[in-house]
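Quick caveat, the model's predicted, so the values are computed rather than measured. Positions are given from 1, in the same order as the sequence printed here. The basis for the numbers below is simple: all heavy atoms, side chains too, and nothing from hydrogens, waters or symmetry mates.
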Amino acid sequence: MKAAAANLQEGQKSDLLQAADTFEQSLSVGSAPIAWAIQAKRAFPTLRQELAAADAELTDKQEQIVVEIEEQAESLATDKNAQAKTHSWLVGRLPLFIYLDEYPEFDGHQNITEYLDRKRRGAPKDSDANFEKVCKVAGLRPDELKRLLDEGNQETRNQLANRASAVVTGEIKRLWKDRPLKIRFNLDGDHLDTLISDPNATFDVEVNLDERSRGFKWFFSFYITFAADTKGGNAEEAVLLLDEPGLYLHAKSQTDLLRHFETDFKNQLLYTTHSPFLVPTHNLDSVRTVSISEATGTTVTNDPTGDARTLFPLQAALGYDLSQSLFIGSHNLVVEGVTDYWILSSISDYLRDTGRSALNPDLTLTPAGGSTEGSLHGCVAYI
């Protein structure tokens, strides 16, 4: 087109050159073939219209190339079968993402007969799915419990309930370090009650789950949900996205939750938090700070940058580690800032993983959080 425009008058020449540039941009190959084909199809009528308006013609070779490209674009844009196969292939290889910002609360008092009736009629309540998760984790089958009740076999029912109580109690004791609570599933006719007690208390009083603290109910809910969903459930291979988990937990219990994340999940797990007690200071390379500004928008980085509000949870977590090391660590290595801490700890972990000499595991690395000129630069201190 540009060659044809060379012999035209200035006005026609300018229009045809502009049309040539537009056509060239339209045929630029991007990362989306279908979008390219649709865009290219629209460009050809414009090309022919501008050539006709300028009374210009393409050479036979140019015309042949244009026709071939036009045919390819037409074929790609209308090949629905190929598009469907491509889409199916891509979707089949995408991981499942599960996002949770709220967590279900389980009822401590369930009517088994009414639950089975709703299930039979296909009219379940929202809470029924949560009850099914409790039963799955505990190894209970509501239909079996109902059958044994109808048969008058209370002994076997109690044995099943006792076994379920032991299973859940063992896991809760392992995960909930605040106090060694005991879980007991009590069968009373059609009803199943979830009772909680503290064996170490002066009075070992059983309290229904509904009457426990909000923090414990949240932890119990979280454990049941993911024990049911990630072990043979719909979230087994999923990427879990959690928004502010452990919001109602005591600071010490948030540390227990962090340990639960690290030891009990094979899933890739991403969560947001403003709590310093949910920052894994022993694995800072997994931490990302999120900053929002009018100039750059939202920035996610593992470089410890951002305003004071963004960095505060990270600084508080490192400060807590520092205060703990004064009581439980006899060997401390003080470095100037967080970046120094990350570099040294990462290099040490790499050397240890490759079987080479690394920092002594009894040594506690402590970032000083920045310093004035000359005060800590190049300084290594042992306390």
Side-chain angles (χ1 to χ4, degrees), residues 103-236 249 253 256-257 260 264:
Y103 302 86
E105 291 191 4
F106 297 101
D107 293 334
H109 184 74
Q110 292 283 352
N111 188 306
I112 297 175
T113 300
E114 292 179 359
Y115 157 77
L116 291 172
D117 182 60
R118 288 192 298 271
K119 185 176 181 180
R120 179 183 56 80
R121 291 186 288 107
K125 298 194 304 184
D126 291 341
S127 59
D128 288 346
N130 301 331
F131 176 55
E132 290 174 355
K133 291 178 181 179
V134 174
C135 291
K136 177 182 177 181
V137 173
L140 293 173
R141 289 173 43 200
D143 56 344
E144 183 181 20
L145 296 177
K146 173 62 175 172
R147 177 180 59 79
L148 292 171
L149 176 65
D150 294 340
E151 295 173 358
N153 191 345
Q154 190 63 32
E155 181 179 355
T156 302
R157 272 172 38 108
N158 288 337
Q159 289 175 350
L160 293 174
N162 290 339
R163 183 182 65 184
S165 301
V167 169
V168 176
T169 295
E171 284 299 286
I172 292 296
K173 283 184 177 180
R174 182 177 67 86
L175 300 172
W176 180 263
K177 301 299 183 181
D178 186 63
R179 61 188 65 183
L181 298 179
K182 179 181 178 181
I183 316 297
R184 186 171 74 88
F185 295 109
N186 181 64
L187 289 167
D188 183 11
D190 287 329
H191 298 94
L192 175 66
D193 292 306
T194 304
L195 305 176
I196 318 295
S197 63
D198 183 355
N200 294 337
T202 304
F203 301 101
D204 186 9
V205 179
E206 291 185 322
V207 178
N208 192 284
L209 176 64
D210 295 338
E211 300 173 19
R212 295 294 305 188
S213 68
R214 190 170 187 178
F216 177 78
K217 286 194 291 185
W218 184 94
F219 195 93
F220 185 83
S221 166
F222 184 87
Y223 158 65
I224 292 294
T225 297
F226 287 102
D229 289 348
T230 61
K231 297 178 181 178
N234 62 345
E236 187 169 24
L249 296 179
S253 298
D256 296 336
L257 179 64
H260 182 35
D264 295 306

Next on the checklist: Taking atom NZ as the centre, does Lys136 end up with more than 12 heavy-atom neighbours from other residues, nucleotides or ligands that are less than 6.0 angstrom away?
Outcome noted: yes
Next on the checklist: If you count every heavy atom of other residues, nucleotides or ligands that lies below 6.0 Å from Asp126 atom CG, does the total exceed 12?
Outcome noted: no
Item to check | Between Thr156 and Asn153, a side-chain donor and acceptor under 3.5 Å | outcome: yes
With a 4.5 Å limit on heavy-atom distance, are the side chains of [X] and [Y] in contact?
X	Y	answer
Pro124	Lys119	no
Ser197	Val205	no
Lys146	Asp190	yes
Leu209	Leu195	no
Asn208	Asp193	yes
His260	Phe226	no

Output yes when a side-chain donor or acceptor of [X] lies under 3.5 Å from a complementary backbone atom of [Y], and no otherwise.
X	Y	result
Asn162	Asn158	yes
Asn111	Thr113	yes
Asp198	Leu181	no
Ser253	Leu249	no
Arg157	Leu145	yes

When rounded to the nearest 0.5 angstrom, what distance separates [atom1] in [X] from [atom2] in [Y]?
X	Y	atom1	atom2	result
Cys135	Asp143	SG	CG	9.5 Å
Ile112	Leu187	CD1	CG	5.5 Å
Arg121	Arg118	CZ	CZ	8.0 Å
Glu211	His109	CD	NE2	11.5 Å
Ile183	Ile196	CD1	CD1	3.5 Å
Asn130	Lys125	CG	NZ	11.0 Å

Checklist entry - Which atom pair, heavy atoms only, marks the closest approach of Ala227 to Val137? => result CB-CG2, 3.8 Å
Next on the checklist: On a heavy-atom basis, which atom in Pro199 and which in Lys182 lie closest, and how many Å separate them?
Outcome noted: CG-CB, 3.9 Å
Item to check | For Glu151, all residues meeting salt bridge (charged side-chain N to carboxylate O under 4.0 Å, His left out), sequence neighbours excluded | outcome: Arg147
Next on the checklist: Does this structure show an ion pair linking Asp229 with Lys133, if we count only N-O contacts that are shorter than 4.0 Å?
Outcome noted: yes
Next on the checklist: Strictly below 4.0 Å, N to O, side chains only: are Asp264 and Arg174 in salt-bridge contact?
Outcome noted: yes
Please output the side-chain donor-acceptor pairs of residues 216-223 that fall under 3.5 Å, not counting sequence neighbours, one pair per line with the distance.
from: Lys217; atom 1: NZ; to: Asp210; atom 2: O; distance (Å): 3.3
from: Ser221; atom 1: OG; to: Pro104; atom 2: O; distance (Å): 2.1

Checklist entry - Between Phe131 and Phe106, does the ring centroid distance fall short of 6.0 Å? => result no
Next on the checklist: Please determine whether side-chain contact (heavy atoms from CB on, under 4.5 Å) holds for the pair Gln110 and His191, giving the CA-CA distance in whole Å, both sets of side-chain angles, and the decisive distance to 0.1 Å.
Outcome noted: CA-CA 5 Å; Gln110 292 283 352; His191 298 94; over 6 Å; no
Next on the checklist: Using the rule given for side-chain contact (heavy atoms from CB on, under 4.5 Å), can you reason through Glu171 versus Trp176, listing the C-alpha separation, both sets of side-chain angles and the distance that settles it, and then say yes or no?
Outcome noted: CA-CA 8 Å; Glu171 284 299 286; Trp176 180 263; over 6 Å; no
